[in-house]
Amino acid sequence: MLNFSFCSPTYFEFGRGAEAKTAELVRKFGGTKILFHYGGGSIKKSGLYERITKSLNQADIPFAELGGVRPNPVDSLVYEGIELCRKENVDFILAAGGGSAIDSAKAIAAGVLYGGDFWDFYSGRYIEEALPVGTILTIAAAGSEGSPNSVITKEKGRLKRGAAGEAIRPAFSILNPELTQTLPAYQTAAGAVDIMVHICERYFSNTSEVEVTDRLCEALLLTMISQTPRVIAAPDDYEARANIMWAGTVAHNNLCGVGREQDWASHGMEHELSAFYGATHGAGLAVIAPAWMKFVSKKNPGKFLQFAERVWGVEGVDEGINAFEKFLKSIGMPSSIKEFGANEEDVPMLAEHIGLTEERTFGGYVKLNARDAEEIYRLAL
Ligand code: NZQ
Ligand code: ZN
């Protein structure tokens, strides 16, 4: 096991009706004037918008609002949010929705206090300070409710890039599994895949003697394998929704990643599919992750035997990957990047756009160069 630091101070309020605590938590974490940030309308349809605004009004917490965050959120709305926060003297950002609304809120939170262009953070600059962010999660997927990360797409050049900093880890996150019951099956399934791949990005590691985090990863994967079909069959299955929701948070707050090298090549390759074809992140991962597994398992089969045996209950490297693919198909996920609109001719461009060359590589479990990435995109066709 490698040395590590771990500090994950987000306060979680979990369970039925938990959003009733919103105003109280905003106050507890210092918000006096807030920006209420959300997506494209699902919170209005479900009645969550009404409940939140009413509770803020009742608690006399003034707020500005900015809706319209798109899946795979973009820089233009972030600039708008930064300007609005400065104009309105906002000191706290409240996001309601999924990874997209939360990531956009985090970008605004960092940008408001920064003298330069917020995109600097998405070009490698670490986020040292930000306004506090609180979240009300409506989809179990990205794990942004407990992570120190944000992913934004710069429309010009279609650059989908991540930023990081402890300052953007949410101050609090409200997790009510009931709020996820209105999700369409496709979004539920895509969210489940994202959670599983967040675990795999950490599980496939060359660091040895990490039994505790290996076992945590396996427990989460087994939970997702048993609970996901339940919510696909019965969207209002509260208990299964609850297990998935907490799994999604624990999968990505890095509890399962400490003390080991991590991989992250599948995420890097998927971001290009979201940037160029608007692919739903988890659905893109459902195609890329098995292709990545097929490619890297030939070069480094070690961990795949354990994955097959302990997670899927089968013997053999290929058998484990096949079981994963079969599971993804059973929950309605795509199996080819053609389903997003990509074709063979796009492959070199996709690999090049990641920024890889012969020498510049990515991925922790197996180092991949531009040619390897092309090979993986071809396996995903
Ligand atoms: O916009 P609305 O109308 O709310 O609709 C959303 C959106 O269309 C809908 N939805 C959410 N909750 C719903 C609902 N529909 C009905 N009922 C509900 N309860 O679902 C759609 C997807 O929402 P989105 O926020 O995009 O989903 P997700 O949580 O999967 O977030 C994806 C984004 O997070 C990034 C991804 O790259 C992507 O941009 N990620 C962020 C990470 C992080 N910050 O740590 C890590 C991840 O690896 C990921 O990259
Ligand atoms: Zn992800």
Side-chain angles (χ1 to χ4, degrees), residues 10 19 37-49 67-75 77-78 95-107 109-110 121-122 127 133 135-153 160-165 168-170 173 175-202 231 235-236 241 244-245 248-249 251-254 257 262-275 278-286 288-289:
T10 303
E19 66 277 15
H37 198 41
Y38 52 88
S42 74
I43 67 161
K44 290 198 172 160
K45 225 163 136 188
S46 69
L48 180 64
Y49 172 86
V69 182
R70 297 197 327 234
N72 303 315
V74 292
D75 58 342
L77 198 69
V78 174
S100 297
I102 299 172
D103 284 3
S104 183
K106 288 173 169 179
F121 300 125
Y122 295 78
I127 300 173
V133 173
T135 86
I136 304 161
L137 188 65
T138 63
I139 171 172
S144 189
E145 68 279 7
S147 84
N149 311 98
S150 161
V151 185
I152 300 290
T153 300
K160 182 170 179 175
R161 298 288 183 264
I168 57 167
R169 209 189 276 264
S173 283
L175 273 53
N176 174 0
E178 290 169 318
L179 298 178
T180 67
Q181 289 170 350
T182 52
L183 279 164
Y186 187 80
Q187 289 293 344
T188 295
V193 178
D194 195 15
I195 293 169
M196 294 176 84
V197 178
H198 289 162
I199 302 162
C200 290
E201 300 278 20
R202 295 171 164 98
V231 294
D236 56 357
R241 290 276 186 198
I244 290 174
M245 199 168 209
T249 301
H252 198 46
N253 74 349
N254 214 24
Q262 302 183 15
D263 190 78
W264 297 101
S266 299
H267 267 70
M269 295 188 66
E270 192 293 316
H271 284 174
E272 301 305 327
L273 302 180
S274 295
T280 297
H281 174 58
L285 288 172
I288 292 295

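Counting starts at 1 for both ligands and their atoms, following the listed order. Atoms considered below: every heavy atom in the structure, side chains included; atoms not considered: hydrogens, waters and symmetry mates.
Heavy-atom proximity to Ser147, at under 4.0 Å, picks out these atoms of ligand 1: 43 (C), 44 (N), 45 (O). The contact set between ligand 1 and His267, taken as ligand atoms under 4.0 Å from a residue heavy atom, comprises 48 (O). Listed by number with element, the atoms of ligand 1 under 4.0 Å from a non-hydrogen atom of Lys160 are 36 (C), 37 (O), 38 (C), 39 (O). Each of the atoms 3 (O) of ligand 1 lies under 4.0 Å from some heavy atom of Gly41. Less than 4.0 angstrom separates some heavy atom of Thr138 from each of these atoms of ligand 1: 11 (C), 12 (N), 13 (C), 18 (C), 19 (N). Close approach of ligand 1 to Thr182 (heavy-atom distance below 4.0 Å) involves ligand atoms 16 (C), 17 (N), 18 (C), 19 (N). Atoms of ligand 1 lying under 4.0 Å from at least one heavy atom of Ala141, given by number and element, are 29 (O), 30 (O). Applying the 4.0 Å criterion to heavy atoms of Gly98 picks out, from ligand 1, the atoms 25 (O), 29 (O).
Counting heavy atoms only, His281 comes closest to atom 49 (C) of ligand 1 of the residues His281, Gln181, Arg169. Among Pro184, Gly67, Ala163, Ser100, the residue whose heavy atom lies closest to atom 26 (O) of ligand 1 is Ser100.
In this structure, the side chain of Ser104 does not engage the main chain of Ala101 through any donor-acceptor pair within 3.5 Å. Put simply, the side chain of Asn72 gets close to the backbone of Ala279: a donor and an acceptor are under 3.5 Å apart. When atom types are taken as modelled, the side chain of Glu145 and the backbone of Leu175 share no donor-acceptor pair closer than 3.5 angstrom. A donor-acceptor pair is defined here as one N or O able to donate and one able to accept, closer than 3.5 Å; no such pair exists between the side chain of Arg161 and the backbone of Thr153. Under a 3.5 Å cut-off, the side chain of Arg202 and the backbone N or O of Ala251 do form a donor-acceptor pair. A donor-acceptor contact shorter than 3.5 Å is absent between the side chain of Arg241 and the backbone of Asp236.
Contact between Pro73 and ligand 1 is present, with at least one heavy atom of the residue lying under 4.0 Å from the ligand. For Leu183, the closest heavy-atom approach to ligand 1 falls below 4.0 Å. Assignment of Gly143 to the shell around ligand 1 is not supported, since no heavy atom sits closer than 4.0 Å. Within the structure, ligand 1 has His271 among the residues with a heavy atom less than 4.0 angstrom away. Heavy-atom separations between His198 and ligand 1 include at least one value shorter than 4.0 Å. Heavy atoms of Glu270 stay at 4.0 angstrom or farther from ligand 1.
For Glu270, every N, O or S atom stays at 2.8 Å or more from the Zn ion (ligand 2).
When rounded to 10 degrees, the angle formed at the Zn ion (ligand 2) by NE2 (His267) and OD1 (Asp194) equals 120°. The Zn ion (ligand 2) is the vertex of the angle joining NE2 of His198 and NE2 of His281, which measures 170° to the nearest 10°.
Not one N or O of Lys106 is nearer than 3.5 Å to an N or O of ligand 1, by distance alone. For ligand 1, one of its N or O atoms has an N or O atom of Gly40 under 3.5 Å away.
Inside a 4.0 Å radius of atom 16 (C) of ligand 1 there is at least one protein heavy atom.
With a 4.0 Å cut-off on non-hydrogen atoms, Thr153 does not touch ligand 1 at all. Of all the heavy atoms of Asp103, the ones lying under 4.0 Å from any atom of ligand 1 belong exclusively to the side chain. Contacts of His252 with ligand 1, taken as heavy-atom pairs under 4.0 Å, involve the side chain alone.
For Thr135 and Lys106, the side-chain atoms include no donor-acceptor pair closer than 3.5 Å. No side-chain donor from either of Glu270 and Ser266 sits under 3.5 Å from a side-chain acceptor of the other. Counted by atom type alone, Ser144 and Asp103 present one or more donor-acceptor pairs between their side chains at under 3.5 Å.
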> Between His37 and Leu77, is a side-chain contact (heavy atoms from CB on, under 4.5 Å) present by the stated rule, with each step listed?
Replying inline: CA-CA 10 Å; His37 198 41; Leu77 198 69; 3.9 Å; yes
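Here the side chains of Asn254 and Gln262 are in contact, with some heavy-atom distance below 4.5 Å.
Considering all non-hydrogen atoms of both residues, Ile139 and Gly98 come closest at CG2-CA, 3.3 Å. Gly99 and Ala142 get closest at one heavy-atom pair: CA-CB, 3.8 Å.
The protein non-hydrogen atom at the shortest distance from atom 29 (O) of ligand 1 is Gly99 N, 2.7 Å. From the protein, the heavy atom lying nearest to atom 6 (C) of ligand 1 is Ser42 OG, 4.6 Å. Nearest to atom 22 (C) of ligand 1 among the protein's heavy atoms is Gln187 OE1, 3.5 Å.
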